[in-house]
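First the structure, in the form of C-alpha cells, and then the observations on it.
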Amino acid sequence: MSFLSKLSKMFNPFGGAIDYKEVVLFSFRQTQKLDKWRIVTDQEVGGFTTAAFKFNPSDQFAEFSGNISKKLPTNNNRIKSTGYAGVFGKIDLSDYDLNTFNRISVRVKSDKRTYSIALLKSCEKQTMYKSIFATTPNQWETVEVPLNEFFKVHKGVVEMDLTKMDTKGIDSIGFVQTDKAEGEFSLKVEFIKLIQSQSTLNSLDSRMVSSTGRIIYPPSV
C-alpha cells in the first residue's frame with residue numbers, strides 16, 4: 001500500500017479517493033532523484049538525436065536538453081522520419097479521483113521551440129496523449145493545459161478523435177520535443193501539478209488551432 005493510500009484510510013476510513021484540489025506530481029524545488037524518469041529518442045530506431053534530463057541543485061530545476069538530428073539511420077531503410085526526443089516520469093494516480101482535476105500545470109523556462117506535455121498508459125503500446133504549448137523564450141512561466149485538450153498519437157500518427165481523453169490508466173507524464181528543427185534544445189522544469197481551476201479558457205478547441213486556449217502566467221507568478 002502506498003503512503004497516500006495509508007493517509008487515505010486514516011482520514012477517510014470509509015474508503016474512496018480523497019478530494020484534492022491540487023496534487024504536486026513532481027517538484028524540483030528540492031533535491032530530486034531522477035530514477036523514475038526515462039529518456040526516449042529516435043536512437044531507438046537508429047537515429048542520431050541526443051537528450052538528457054538532469055537536476056540542477058543550485059538553481060532548483062530539472063533540465064530536459066539535447067540536440068535534435070533528422071539524419072536517417074544508414075542501416076534501416078524502413079525509417080522515413082527521425083528528429084524527436086522525450087522524457088517521461090512514472091506516476092501513481094491510484095489514490096486520486098481524476099474527475100476532481102481539469103488541468104495540468106507546469107512551471108517551465110524554454111528556448112524558442114514549442115514543446116508538448118505528454119501522457120502515457122502502459123496498457124496502450126506505441127501511444128501517447130499530448131498537448132502542445134509555447135512560452136516566452138528564456139522566461140519562467142506557469143502554463144495550464146486542460147485535460148480535455150490532449151490528442152492521441154499512435155505510432156507517430158495523430159488520431160483526430162476529439163472525444164475527451166479517458167484518464168484511466170495514465171501512469172507516466174513528461175515532455176516531448178518534436179518540432180523537427182535540427183539543433184540544440186533546452187526546457188527547464190520547476191514543477192508539474194494536477195489542479196482544479198475555474199479560470200475561463202478560449203472557447204476554441206486548442207487541438208484545432210496552434211497553441212490557443214492556454215493560460216500562460218507571467219514570470220512573477
Side-chain angles (χ1 to χ4, degrees), residues 22-26 37-38 40 51 53 62 64 68 83-91 93 96 98-124 126-137 139-181 185-217 221:
E22 174 181 290
V23 174
V24 179
L25 300 177
F26 294 99
W37 292 81
R38 67 184 179 95
V40 177
F53 192 58
F64 173 44
I68 297 295
Y84 59 85
V87 61
F88 299 94
K90 294 291 291 183
I91 53 177
L93 301 177
Y96 308 112
L98 293 185
N99 293 321
T100 302
F101 308 100
N102 59 0
R103 297 181 195 171
I104 291 174
S105 176
V106 297
R107 188 155 181 82
V108 294
K109 182 179 181 181
S110 71
D111 45 22
K112 295 180 180 180
R113 296 176 179 265
T114 57
Y115 292 84
S116 296
I117 298 176
L119 304 170
L120 301 180
K121 302 179 181 183
S122 296
C123 59
E124 297 186 28
Q126 296 183 294
T127 299
M128 75 170 64
Y129 296 83
K130 68 179 187 177
S131 187
I132 300 170
F133 69 92
T135 61
T136 305
Q139 290 189 20
W140 282 105
E141 294 179 329
T142 301
V143 181
E144 292 183 4
V145 180
L147 284 170
N148 63 0
E149 294 185 4
F150 281 77
F151 56 87
K152 186 176 183 178
V153 181
H154 181 65
K155 293 185 177 179
V157 179
V158 176
E159 295 189 5
M160 296 305 295
D161 180 2
L162 298 185
T163 58
K164 184 178 179 180
M165 175 186 64
D166 183 2
T167 56
K168 184 178 181 180
I170 294 173
D171 54 17
S172 293
I173 189 170
F175 299 93
V176 177
Q177 169 43 240
T178 55
D179 63 12
K180 296 295 183 181
F185 69 89
S186 172
L187 178 71
K188 297 172 182 177
V189 185
E190 188 174 292
F191 64 67
I192 306 173
K193 299 178 181 179
L194 272 174
I195 65 170
Q196 183 186 78
S197 177
Q198 303 303 321
S199 301
T200 303
L201 292 175
N202 191 313
S203 61
L204 293 175
D205 189 320
S206 66
R207 294 170 294 181
M208 304 300 293
V209 288
S210 177
S211 296
T212 62
R214 304 289 180 262
I215 297 178
I216 300 180
Y217 292 107
V221 174

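- With hydrogens and angles disregarded, no donor-acceptor distance shorter than 3.5 Å links the side chain of Lys152 to the backbone of Thr127.
- Once rounded to the nearest 0.5 Å, the distance linking CD of Glu149 with CD of Glu144 reads 11.5 Å.
- Separation of atoms CZ (Arg38) and CG (Leu120) is listed at 6.0 Å; rounding is to 0.5 Å.
- Annotation for Thr100 and Gln196: closest pair O-NE2, 2.8 Å, computed over non-hydrogen atoms.
- Taking both residues in full, the closest heavy atoms of Ser122 and Lys90 are given as OG-NZ, 3.7 Å, listed atom of the first, atom of the second, then distance.
- When side chains are defined from C-beta on, Leu25 counts as touching Leu194, because their heavy atoms get closer than 4.5 Å.
- Taking a 6.0 Å sphere around NZ of Lys180, one finds it holds more than 12 heavy atoms contributed by other residues, nucleotides or ligands.
- Nearest heavy-atom pair across Ala51 and Phe64 is CB-CE1, 4.0 Å.
- Between Phe150 and Ile104 the shortest side-chain heavy-atom distance falls below 4.5 Å.
- Between Ala118 and Met128, the shortest heavy-atom contact is CB-SD, 4.0 Å.
- Between the Arg113 side chain and the Ala181 main chain, a donor and an acceptor come within less than 3.5 Å of each other.
- Without hydrogens or angle criteria, Tyr115 side chain to Ser186 main chain gives a donor-acceptor distance under 3.5 Å.
- The side-chain heavy atoms of Ile192 and Phe175, taken from C-beta on, include a pair separated by under 4.5 Å.
- For the residue pair Glu159 and His154, the shortest heavy atom distance occurs at OE2-CB, 3.5 Å.
- Of the possible donor and acceptor atoms, none in the side chain of Asn148 sits under 3.5 Å from a partner among the backbone N and O of Asn102.
- Interatomic distance, CG of Leu98 versus NZ of Lys168, reported as 11.5 Å (0.5 Å rounding).
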TODO: Take Val189 and Val106 through the test side-chain contact (heavy atoms from CB on, under 4.5 Å) and record every step on the way to the result.
DONE: CA-CA 7 Å; Val189 185; Val106 297; 5.5 Å; no
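- Going from atom NZ of Lys109 over to atom CD of Glu141 covers 11.0 Å, rounded to the nearest 0.5 Å.
- Here the side chains of Gln177 and Ile68 are in contact, with some heavy-atom distance below 4.5 Å.
- Remark: the backbone N or O of Lys193 is not paired with any side-chain donor or acceptor of Glu22 at under 3.5 angstrom.
- Side chains of Ser110 and Phe185 form no contact here, defined as non-hydrogen atoms less than 4.5 Å apart.
- Between atom OG1 of residue Thr142 and atom CD1 of residue Ile195 there is a gap of 9.5 Å, rounded to the nearest 0.5 Å.
- Across all non-hydrogen atoms, the minimal contact from Ala134 to Thr114 is CB-CG2, 3.9 Å.
- Counting heavy atoms from C-beta on, the side chains of Lys130 and Phe151 come closer than 4.5 Å.
- Counting heavy atoms from C-beta on, the side chains of Val176 and Phe88 come closer than 4.5 Å.
- Within the 4.5 Å cutoff, the side chain of Ser116 has heavy atoms near those of the Ile132 side chain.
- In this structure, OG1 in Thr167 is found 9.5 Å from CG in Leu119, a value given to the nearest 0.5 Å.
- Note: Trp37 and Phe26 have tilted aromatic rings, judged against thresholds of 30 and 60 degrees for the angle between ring planes.
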